[in-house]
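Below: the structure, in structure tokens.
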There are 2 protein chains.
Amino acid sequence: MNETIPPRDANTRPSTLDDVARRAGVSLGTASKALNGRDRVSDATRARVEDAARALAYVGNPLARGLSQGLSGTVGLLTSDLEGRFSLPILMGAEDRFGAGRVSVFLCDARGDAIREQHYISALLARRVDAIMVVGSKTDHRAPIGRDLPVPVIYVYTPSQDPRDLSLTPDNVAGGRMAIEHLLASGRRHIAHLTGPRHERAAADRTRGIAQVLAESETQLMFETAYGEWTERWGRSSCAMMLEQGTKVDAILCDSDQIARGALDALRERGIRVPDDVAVIGFDNWDIIVEGTHPPLTSIDMNLGLLGRHAAERLFHAIGGAPLASGIELSDCRLVVRGSTALTI
Amino acid sequence: MNETIPPRDANTRPSTLDDVARRAGVSLGTASKALNGRDRVSDATRARVEDAARALAYVGNPLARGLSQGLSGTVGLLTSDLEGRFSLPILMGAEDRFGAGRVSVFLCDARGDAIREQHYISALLARRVDAIMVVGSKTDHRAPIGRDLPVPVIYVYTPSQDPRDLSLTPDNVAGGRMAIEHLLASGRRHIAHLTGPRHERAAADRTRGIAQVLAESETQLMFETAYGEWTERWGRSSCAMMLEQGTKVDAILCDSDQIARGALDALRERGIRVPDDVAVIGFDNWDIIVEGTHPPLTSIDMNLGLLGRHAAERLFHAIGGAPLASGIELSDCRLVVRGSTALTI
DNA sequence: CTGTTAGCGCTTTCAG
DNA sequence: CTGAAAGCGCTAACAG
């Protein structure tokens, strides 16, 4: 158990800057400067050092560099809910951008547990990450992870409650507008709105966006919002109830693809044709659902991958020394039209 | 020398082991031993050091520790397809286990691109990760990421083609057996099998498991396998075709929940009752589908989270110096019975 | 038991 | 322009 790990032999051991310096016949310090282009070094020696480095397949040791220099070349990605379908795309976008910039990302999934989160935050800070990205799975605002942290922090999807922090989140108000406008534009006038829990911001925001459009709308129309859950089950049951009550409807605006899927199911069970009799639009543009339904589901895409990429971009600059902005920045949604609203003429 | 200690900005600079030692009135080395429990230290001084550490909110610097000790306390998680639904649970399980062991994980998503993957591997090695976990999204074997790497490597889900490597993957043969046995046990005798592409190992393995059971089975029965895709669309169309042809069926064994969902749809469209007329079983136990269907779907769970955790565990030991085993180790699947096969008596 | 002394690999003054 | 030397914070031999 307590055996010491055998030292790696010289041909296995990665070569150090010292090896390079020795081979190039210069001092350690000079080799460092030459390789980093930091200080004044003659072209001749620089070339010599670079050759040596190449010959030895030298790769700097980030640990050592980090220790002496203070920057680790790593960032922390702190997610509260990896399993949910919102964190992942954001995380992928961010990872993509960081990877391209030779920054490595530490993944931390707090699983919605505050204690765990605290633990991860200290771990990240202890590791001297250069920045932290906090990703949530709801658009409700959250408590900031700390004040006066020694590194830049950005909040994605879930904005920070502190307006001094920088947060990036989808513009759900505009998303709601986009959805209702699409339905109105395709001639629908009797619209039901199935959304998630009343107290959740995403539901509220979209409802607000919809209301804005309705307020401006000239045409006579019927509209009603039902709050519930984000689930397929709720989509099915609420839609069924509505139909049972004989409500006249020619479009259903669902605030998640899962709700929409449930609604589609309920409609079909009653022989109601989509989109001929009723148009259905969802939210999230979740491929697995949107392409699996019958007909394929029109949906609003929050461009989460892009959001993650942007966030990474911002952190990049902040690490470079630029001050991070403050406040909540909203990002655009995108309408993806599919069979569930497109009338086959 | 030690007369006037310059005031340090204690609230800005994280306290170091030196601070702790000084405060506890012991030497640096002693403090280190006391905190690590490594060497013989009197209980009294250990307590004193621990108090000091607590008081100063001391958190060791992993960079420094790594530098001197040779271990970085980090591992690389190299996934080829984060988006797919198999990598994520594995990754979560692994992250969970590593996090508990104070190891941080670097996430790298190669997106199925070999160049990208190579880039990430060098990056990970440059960072001196202590181990690498390679996660794929198919059970087909893959080329190893390299020979004689300086750190232990484990392959999860996607086994390495090199038998000298250690690979962990679900036992799909047993999974197939489990599924068919469940159907037989519930009295089904006319069974159709809808699976993915013929050339994919997961499809082949499960089909093999099924064949084993059928070979041993005494009872007279009808069985047929249809290869296709893993999608809902394929599930619906193949099931529809089968019904159209008038094939007599009292159970459908689907090798993915998506296929099963499509099949359920096709059945319902024809007014065939599940599970009364036909039982349906899926694979993957993907919550979003399994709980959304009507009735809920019986499914085989590959215990991916556990698989990730196990893999992390193995790497842990390997980092500790224990040699890593070789070969492919199979992990158990688990049957989760729900309404789609459970007869309501 | 405890303190001292080397490093780990690299960056960075500060002299030459 | 280059080299020598002082750390970064920590662990691990080796003395006391």
Side-chain angles (χ1 to χ4, degrees), chain A residues 2-8 10 13-49 52-53 56-73 125-128 150, chain B residues 1-2 6 8 10 12-49 52-53 56-73 102 125-128 130 150:
Chain A
N2 295 343
E3 309 173 67
T4 42
I5 299 164
R8 289 180 191 134
R13 181 181 66 80
S15 47
T16 75
L17 186 56
D18 195 51
D19 299 336
V20 174
R22 188 146 25 210
R23 182 174 228 256
V26 299
S27 81
L28 217 189
T30 305
S32 168
K33 291 167 201 159
L35 254 26
N36 295 315
R38 283 231 172 297
D39 221 333
R40 264 151 295 281
V41 178
S42 82
D43 287 356
T45 51
R46 160 156 302 141
R48 214 137 39 83
V49 172
L56 294 171
Y58 170 74
V59 194
N61 181 333
L63 294 184
R65 200 199 321 276
L67 225 209
S68 70
Q69 190 182 227
L71 279 184
S72 64
L125 293 176
R127 284 209 185 276
R128 306 301 192 269
Chain B
M1 207 42 157
N2 36 8
R8 43 177 80 75
T12 300
R13 183 180 63 76
S15 48
T16 75
L17 186 55
D18 197 50
D19 299 336
V20 175
R22 187 142 29 206
R23 182 179 174 124
V26 299
S27 79
L28 216 190
T30 305
S32 169
K33 290 166 202 159
L35 254 27
N36 295 315
R38 282 231 171 296
D39 222 331
R40 264 150 294 280
V41 178
S42 83
D43 286 357
T45 51
R46 159 157 303 143
R48 214 137 37 84
V49 172
L56 294 172
Y58 169 74
V59 195
N61 181 332
L63 293 184
R65 201 198 319 276
L67 226 210
S68 72
Q69 194 179 225
L71 286 181
S72 65
R102 334 205 106 266
L125 292 176
R127 285 213 183 272
R128 307 300 195 270
D130 299 331

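Letters A, B, ... are given to chains in the order of the sequence lines, protein chains preceding strands, and every chain is numbered from 1.
- Across dC10(D), dA12(D), dG3(C), the shortest atom-to-atom separation from the side chain of Gln69(B) is found for dA12(D).
- The residue among Gly29(A) and Leu28(B) whose nearest nucleotide of DNA chain C lies closer to the 5′ end is Leu28(B).
- Looking at which nucleotide of DNA chain C each of Ala31(B) and Leu17(A) is closest to, the 5′-most match is held by Ala31(B).
- In this structure, Asn61(B) does not reach the dC8(D) phosphate: none of its side-chain N or O atoms is under 4.0 Å from OP1 or OP2.
- When rounded to the nearest whole Å, the span between CZ of Arg127(A) and P of dG9(D) equals 16 Å.
- We find that CG of Asp19(B) is positioned 13 Å from C1' of dC8(D), with the value rounded to whole Å.
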Could you check Thr16(B) against Asn61(B) for side chain to side chain contact (heavy atoms under 4.5 Å, CB included), going step by step and ending with a plain yes or no?
CA-CA 8 Å; Thr16(B) 75; Asn61(B) 181 332; over 6 Å; no
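- In this structure, Thr30(A) reaches the dG3(D) phosphate: one of its side-chain N or O atoms is under 4.0 Å from OP1 or OP2.
- Residue Leu63(B) contributes atom CG, which lies 10 Å from atom P of dG9(D) at whole-angstrom precision.
- The structure places CG of Asp18(A) at 12.0 Å from OG of Ser32(A), a figure rounded to the nearest 0.5 Å.
- For Ser68(A) and dG9(C), the shortest distance from a side-chain N or O to OP1 or OP2 is not below 4.0 Å.
- At the phosphate of dC8(D), neither OP1 nor OP2 sits under 4.0 Å from any side-chain N or O atom of Thr16(B).
- For the pair Lys33(B) NZ and dT5(C) C1', the interatomic distance rounds to 11 Å; values are reported in whole Å.
- With rounding to whole Å, Tyr58(A) atom OH is found 10 Å from dT11(C) atom C1'.
- Note: CG (Asp43(A)) to C1' (dC1(D)) measures 11 Å, nearest angstrom.
- Side-chain contact check for Val20(B) versus Val49(B): some heavy-atom pair is nearer than 4.5 Å.
- Taking every heavy atom of both residues into account, Ala34(A) and Arg46(A) meet most closely at O-NE, 3.1 Å.
- One can place CG of Asp18(B) at 14 Å from P of dT5(C), the figure rounded to the nearest angstrom.
- Using a 4.0 Å cut-off, no side-chain N or O of Thr45(A) falls inside it from OP1 or OP2 of dC1(D).
- One atom, CG of Leu67(B), and another, P of dT11(C), lie 11 Å apart when rounded to the nearest Å.
- When distances are taken from the side chain of Ser27(B) to each of dT2(C), dG3(D), dT4(C), the shortest belongs to dT4(C).
- Across every non-hydrogen atom of Arg65(B) and Gly60(B), the tightest pair is NH2-CA, 3.8 Å.
- Between Ser32(B) and dT11(D) there is a side-chain N or O to OP1 or OP2 distance below 4.0 Å.
- Among the heavy atoms of the strands, none lies under 4.0 Å from Gly66(B).
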